[in-house]
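Whatever order the structure lists ligands and atoms in, that order sets their numbers, starting from 1. Note that the structure is a prediction, hence the values are computed from the model and not measured.
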Amino acid sequence: MSRLAKMPPIEQDLYACTMCGYCVPVCPAYQEAGWESASPRGRVFAMRQYDLRGPLDRLLRRHVVPGEAFARAAWECTGCGACEEVCPAYIPFDRLWDDVKAWMVESGMGRPALAPYLENVRETRNIYGKPPEERAAWLPPEAVQAETPEVVYWVGCAASYEKQQIARAVVKILNAAKVPYRILGPEEWCSGAPLARMGYEGYVKNALMPHNIQAVAQTGAKALVTACAECYRAFLRDYKDWGENPPFSVYHISHFVEKLVREKRLTFTKPVPTKLAFHDACHMARVAGAYDPPRQALKFVKDLKVLEILPSRDAALCSGAGAGFPDVYPEQAAGVASRRLQAAADTGAATLVTSCPHAEMHFERVAKQRNMQISILDLAEAVAQGL
Ligand code: SF4
Ligand code: SF4
């Protein structure tokens with residue numbers, strides 16, 4: 001085994017834990033795995049034992065040093081934020097699990113299944129390893145890029161390469177409101193949100209964050225708009241947690257739609273008489289605290305009925321897509337998604353709508369694998385249908 005790197009400075013958080021167990025049943029990884037070491041409390045307990053180890057432990061060769069088994073458990077986590085939400089000791093788990101995974105990576109115990117994502121971003125600046133010069137290939141040739149933009153539309157890797165219909169929907173919304181916007185094309189690098197949850201936060205902080213903030217700032221735009229819950233979280237929260245202060249406002253497209261309607265720049269005229277089951281994306285909801293804006297944006301669409309998938313809001317179950325969970329634990333990740341898909345189907349709607357393209361792709365894969373009769377739609381697409 002490689003040498004264990006120094007534990008991040010989380011001792012105070014570990015000792016704050018009262019072992020009450022509230023975080024255990026809400027953890028989607030625990031719900032699938034069913035053993036305590038895969039739960040937040042189990043991992044906290046293991047790290048506390050390591051921190052408390054004494055000479056007798058060494059003499060008796062007690063295995064209190066985190067090794068491969070602990071590293072495996074560290075990635076039994078989707079980064080969903082449910083543990084932080086319920087913890088009465090206010091342990092900042094959203095940050096803590098990133099630090100713990102980074103500690104394992106530094107100790108040579110990263111997950112090989114996730115290393116290609118880091119390599120892809122290093123080489124091509126997107127998590128899929130696709131050509132950077134094709135990042136804006138989705139943009140219609142007639143689209144006009146403003147010289148002095150009001151906003152930068154931050155597309156994200158997923159909408160740039162895999163879910164381009166989301167990008168086109170956002171452009172439709174911005175055009176309908178006559179918002180002068182610009183995209184960054186190859187100068188938009190991965191925001192790093194998926195990588196930070198996989199244990200690569202050091203690379204994100206040092207290589208991606210400074211470039212991305214500067215690339216947006218130098219357009220002169222006063223605001224960034226994105227339709228990706230993960231990118232939204234990166235700019236709104238992660239970059240600030242890491243000491244940066246981006247000189248522009250950060251909007252999810254649903255907030256921005258609300259602003260445009262309030263300013264009477266956008267009106268919805270086309271009826272969309274359908275039912276959609278709304279899924280709270282973890283990075284947008286629990287982690288960034290944005291519960292109402294996506295619901296409000298959908299309410300603007302005439303005749304659209306939005307149904308709640310239960311449990312919802314701060315108790316919502318995650319999709320299982322985050323933190324590389326589907327790559328490391330495909331069966332468990334599919335199990336988490338299928339429970340959520342079933343809950344969506346139970347609302348009576350034929351379509352699930354959400355604001356995270358990564359969750360959408362995971363849901364789509366699982367629905368297909370398990371032959372579930374439900375389709376997936378992005379919030380920006382649902383909103384754009386009403387224009
Ligand atoms: S909810 Fe918080 S205090 Fe309770 S066991 Fe989990 S980490 Fe510890
Ligand atoms: S963030 Fe979610 S998946 Fe990770 S330990 Fe907490 S509850 Fe479990």
Side-chain angles (χ1 to χ4, degrees), residues 8 10-52 66 69-104 111 114 193-194 196-199 201 229-230 233 237-238 241 279-289 311 313-340 356 358-359 362:
I10 55 174
E11 295 89 342
Q12 282 197 356
D13 295 322
L14 302 181
Y15 292 108
C17 173
T18 62
M19 295 286 150
C20 67
Y22 288 141
C23 58
V24 177
V26 299
C27 173
Y30 170 79
Q31 288 165 5
E32 286 297 310
W35 52 80
E36 176 95 19
S37 63
S39 77
R41 180 172 69 176
R43 268 172 264 149
V44 166
F45 187 75
M47 290 187 282
R48 203 148 92 176
Q49 289 302 102
Y50 168 61
D51 196 53
L52 280 168
F70 176 80
R72 276 201 303 274
W75 272 273
E76 287 189 302
C77 170
T78 67
C80 75
C83 48
E84 178 164 331
E85 187 68 37
V86 298
C87 178
Y90 302 109
I91 298 178
F93 280 121
D94 288 329
R95 206 185 61 222
L96 188 141
W97 296 134
D98 291 349
D99 291 348
V100 169
K101 288 172 192 157
W103 176 35
M104 292 294 102
R111 298 300 89 186
L114 302 179
R197 318 282 91 79
M198 292 178 187
E201 64 179 1
E230 293 227 22
R233 174 223 166 118
R237 182 172 164 168
D238 293 336
D241 282 352
H279 167 73
D280 283 288
C282 300
H283 299 285
M284 173 102 187
R286 261 190 302 265
V287 174
R313 301 180 80 95
D314 57 355
L317 185 66
C318 89
S319 67
F325 194 56
D327 296 277
V328 184
Y329 293 104
E331 273 308 306
Q332 292 181 28
V336 174
S338 62
R339 280 187 284 133
R340 197 64 178 155
C356 177
H358 302 276
H362 180 56

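In terms of protein heavy atoms, atom 2 (Fe) of ligand 2 is closest to C80 SG, 2.3 Å. When only non-hydrogen protein atoms are considered, atom 8 (Fe) of ligand 2 lies nearest to C27 SG, 2.3 Å. From the protein, the heavy atom lying nearest to atom 4 (Fe) of ligand 2 is C77 SG, 2.4 Å.
Rounding to the nearest 0.5 Å places OG of S338 at 7.0 Å from CD of E32. Atom CD1 of I91 and atom CD1 of I10 lie 9.5 Å apart (nearest 0.5 Å). The distance from the CD atom of Q31 to the CD atom of Q332 is 11.0 Å, given to the nearest 0.5 Å. The CG atom of D99 sits 4.5 Å away from atom CD of E201, with the distance rounded to the nearest 0.5 Å.
Contact between A323 and R197 at its shortest, heavy atoms only, is CB-O, 3.4 Å. For the pair L317 and H279, the tightest heavy-atom approach, listed with the atom from each and the gap, is O-CE1, 3.3 Å. Here the closest non-hydrogen pair linking A229 and M284 is CB-CB, 3.9 Å.
Residue-ligand proximity, T78 to ligand 2, at heavy-atom distances under 4.0 Å covers atoms 3 (S), 4 (Fe). Of all atoms in ligand 2, numbered sequentially from 1 with element shown, those under 4.0 Å from a heavy atom of G81 are 1 (S), 2 (Fe). Those atoms of ligand 1 with a heavy atom of P88 less than 4.0 angstrom away are 1 (S).
Between F325, W75, Y30, W97, it is W97 that holds the heavy atom closest to atom 5 (S) of ligand 2.
With a 4.0 Å heavy-atom cut-off, ligand 2 is reached by the side chain of R43 but not by its N, CA, C or O. With a heavy-atom cut-off of 4.0 Å, F93 does not touch ligand 2 at all.
If you look at atom 6 (Fe) of ligand 1, the protein N, O or S atoms less than 2.8 Å from it are C23 SG.
C23 pairs by the side chain to side chain contact (heavy atoms under 4.5 Å, CB included) definition with P40, R41, C83, V86, not counting sequence neighbours.
Ring geometry for Y329 versus F325: interplanar angle of 30 to 60°, hence tilted.
Ion pairing of E76 with R43 is absent here, as no side-chain N (NZ or NE/NH1/NH2) approaches a carboxylate O to less than 4.0 Å.
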